[in-house]
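To start, the structure under review is shown below, and the notes come after it.
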Amino acid sequence: MLSAFALIDCNNFYASCERVFDPGLRDRPVVILSNNDGCVIARSSEAKEVGIPMGIPEFKVRPLISRHNIAVRSSNYALYGDMSSRVMETIRSVTPDLEVYSIDEAFAGLHGRSKREIMEMGREIRQRVRRWTGLPVSVGIAPTKTLAKIANEMAKSYKQLNGVLYVRKPDQIGRMLRKTEVGDIWGIGKNYTAMLERQGITNALQLSRMPDSWVRSKLKVTGLRTVKELRGESCLTIEESSDQRKGILSSRSFGRPVKKVDEISEAVATFTARAAEKLRAQDSVASQLTVVLVTDKYRNPGQPYKFGHTISLPSPTASTSMLCSRATDLANTLFDEGKTYKKAWVMLTGLIPESSVQADLFMEERYSERDHNLMKSLDQINAKFGNRTCMPASTGISQNWQMKQQYLSQKYTTSWDQLLEVRL
DNA sequence: TCTGGGGTCCTAGGACCC
DNA sequence: TCTGGGGTCCTAGGACCC
């Protein structure tokens with residue numbers, strides 16, 4: 001009986017989603033832009049090949065985009081989110097022991113099966129997802145999650161593997177680790193990579209051979225876990241992902257620079273309403289509220305560009321109106337006439353399940369049953385008739401600060417008016 | 001001109017308590 | 001010279017992930 005984890009990862013997920021519904025994109029390189037059409041956040045393999053880097057601001061690669069006739073799309077999260085749940089359901093039909101790790105990745109536990117069965121399941125996942133959703137995925141399988149991540153990278157890079165790689169034997173793992181740069185290990189980011197390289201540690205095999213005490217002092221407990229996992233000692237398990245967030249953040253960059261306090265206040269109210277909706281979706285109430293106003297960090301490098309404040313709420317709440325009024329008060333206090341703002345955040349923390357809130361009879365502003373029912377109705381109306389059908393006036397009507405989405409594709413799978421039509 | 005939006009976990013240090 | 005010791009809770013900040 002073997003311990004085995006699979007990491008299933010959709011190839012170039014956002015670009016692949018766009019291609020499923022727009023076949024004209026299949027022969028062209030594709031890039032997807034971040035919200036507000038700011039940076040490149042996803043690329044088809046052809047776009048990678050012609051040298052479009054990840055995370056680069058769009059305006060810097062504009063010449064490259066026109067030279068290679070690259071198709072550009074704004075992020076369409078309605079589409080990607082829906083395609084993601086289809087992929088996850090498909091994988092679940094092969095194996096129920098699944099941890100959805102991100103929009104395009106999932107870990108599966110394949111323990112207690114023979115080597116042959118494990119390999120079969122890997123192939124079946126890949127084929128089924130392709131047939132049922134039209135999306136290509138790669139599958140990496142190994143004795144630990146961290147090794148499965150690396151195996152997945154290999155499955156993607158080497159064509160002859162047909163998208164599935166299962167590594168098991170120590171010498172095979174050793175060879176794989178030698179080929180893996182430290183910076184490509186899951187859990188080793190930019191700062192640790194620089195530090196490790198200064199120490200002469202450049203590949204994963206070298207890191208796996210460092211003594212525990214050294215690793216613990218340099219990379220802390222999380223780093224030690226990573227190193228043990230590289231050695232084949234499983235420290236991370238499949239986690240039934242709970243939908244219970246510990247903090248909820250809502251933030252957007254503005255479509256243009258904003259200087260008026262009214263607009264800032266409108267935006268902050270809008271973000272607060274969205275955060276409160278997410279809060280209620282997980283049946284929680286928040287005890288703290290943070291508002292941050294952000295100016296242009298590139299204009300005066302090194303100067304402060306974030307101005308925020310956190311308050312404790314008089315009592316934990318999930319009421320949009322109560323949160324909005326506090327948040328706009330904060331925004332008005334933080335606002336500085338001379339500044340130009342690019343972005344704002346609203347963060348809700350100190351989250352607790354609504355059911356465990358203590359009734360406090362003397363608290364005037366407590367989240368009452370009446371508030372609860374009002375909010376439930378609000379959420380139901382918006383779910384039925386569309387977002388922002390019913391909203392506090394403080395969130396504004398015109399919303400001139402809204403983000404840019406110049407190249408947005410349709411909601412092919414989640415909106416009746418936008419389904420594809422086929423003409424025969 | 002132009003630079004995303006979410007999350008998690010860990011640690012250090014200060015406040016406060018007995 | 002020298003000024004207890006241990007615990008908890010909270011916050012800020014740093015590291016990481018996609």
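Values reported hereafter were calculated over all heavy atoms of this structure, with side chains retained and with hydrogens, waters and symmetry mates removed. Naming convention: chains lettered A, B, ... in sequence-line order (proteins, then strands); numbering from 1 in each chain.
Between A:Asp22 and A:Arg28 there is no salt bridge, since none of the side-chain N atoms of the basic residue sits less than 4.0 Å from a carboxylate O of the acidic one. We find that A:Arg73 and A:Glu58 are not joined by a salt bridge, their nearest charged nitrogen and carboxylate oxygen being 4.0 Å or further apart. Here A:Lys145 pairs with A:Glu99 in a salt bridge; the nearest charged N to carboxylate O distance falls below 4.0 Å.
Aromatic pair A:Trp186/A:Phe107: centroids less than 6.0 angstrom apart.
Atom C1' of nucleotide C:dC16 and atom NZ of A:Lys218 are separated by 19 Å, given to the nearest angstrom. Residue A:Asn76 contributes atom CG, which lies 16 Å from atom P of B:dG5 at whole-angstrom precision.
A 4.5 Å side-chain heavy-atom check between A:Ile173 and A:Pro170 finds every atom pair outside the cut-off.
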Completion exercise
DNA chain B in dot-bracket form (Watson-Crick or G-U pairs under 3.5 Å, [ ] crossing, | inter-strand) is ....||||||||||||||
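Of all nucleotides listed (B:dC9, C:dC16, B:dG4), B:dG4 comes nearest to the side chain of A:Tyr77. Proximity note for A:Tyr192 (side chain, C-beta onward) versus C:dC16, B:dT3, B:dG5: the nearest is C:dC16. Relative to the side chain of A:Ser253, the nucleotides B:dG4, B:dG6, C:dC17 differ in distance, and B:dG4 lies closest. Between C:dC17, B:dG7, B:dT3, one nucleotide has an atom nearer to the side chain of A:Lys149 than all others, and that is C:dC17. Closest to the side chain of A:Asn191, out of B:dG4, B:dC9, C:dC16, is C:dC16. Of all nucleotides listed (C:dC16, B:dC2, C:dC18), B:dC2 comes nearest to the side chain of A:Arg62. Taking only side-chain atoms of A:Tyr101, from C-beta outward, the nucleotide of B:dG4, B:dG6, C:dC17 with the closest atom is C:dC17. Taking only side-chain atoms of A:Ile41, from C-beta outward, the nucleotide of B:dC9, C:dC18, B:dG4 with the closest atom is B:dG4. Closest to the side chain of A:Thr222, out of B:dT11, C:dC18, B:dC9, is B:dC9.
Comparing the C1' positions of B:dG4 and C:dC17 gives a spacing of 15 Å, expressed to the nearest Å.
Using a 4.0 Å heavy-atom distance criterion, A:Trp345 is classed as making no nucleic acid contact. Using a 4.0 Å heavy-atom criterion, one finds that A:Asp296 contacts no nucleic acid atom at all. Within the 4.0 angstrom heavy-atom criterion, no nucleotide atom of any strand lies near A:Ile56. Residue A:Lys60 is classed as having no contact, given no heavy-atom separation below 4.0 Å to the nucleic acid. Nucleic acid contact for A:Glu105: sugar-phosphate only, since backbone atoms but no base atoms lie under 4.0 Å from a heavy atom of the residue.
Between A:Tyr412 and A:Phe21, the ring-plane angle classifies as parallel under the 30° and 60° cut-offs.
Within the structure, a side-chain polar atom (N or O) of A:Lys342 is placed less than 4.0 Å from OP1 or OP2 of B:dT3. Proximity of A:Lys278 to the phosphate of B:dG7: a side-chain N or O atom is located under 4.0 Å from OP1 or OP2. OP1 or OP2 of B:dC9 sits under 4.0 Å from a side-chain N or O of A:Lys246. At B:dC2, none of the side-chain N or O atoms of A:Lys404 fall inside 4.0 Å of OP1 or OP2 (strictly under the cut-off).
No side-chain donor-acceptor contact under 3.5 Å links A:Ser44 and A:Asn12.
Each of A:Arg252 and A:Tyr298 lies near DNA chain B, and the nucleotide nearest A:Tyr298 is the one positioned closer to the 5' end. Residue A:Asn35 is the one, among A:Val221 and A:Asn35, whose nearest nucleotide of DNA chain B lies closer to the 5' end (criterion: closest heavy atom).
Cation-pi geometry between A:Lys342 and A:Tyr305 is not met at under 6.0 angstrom from the ring centre and within 45 degrees of the axis.
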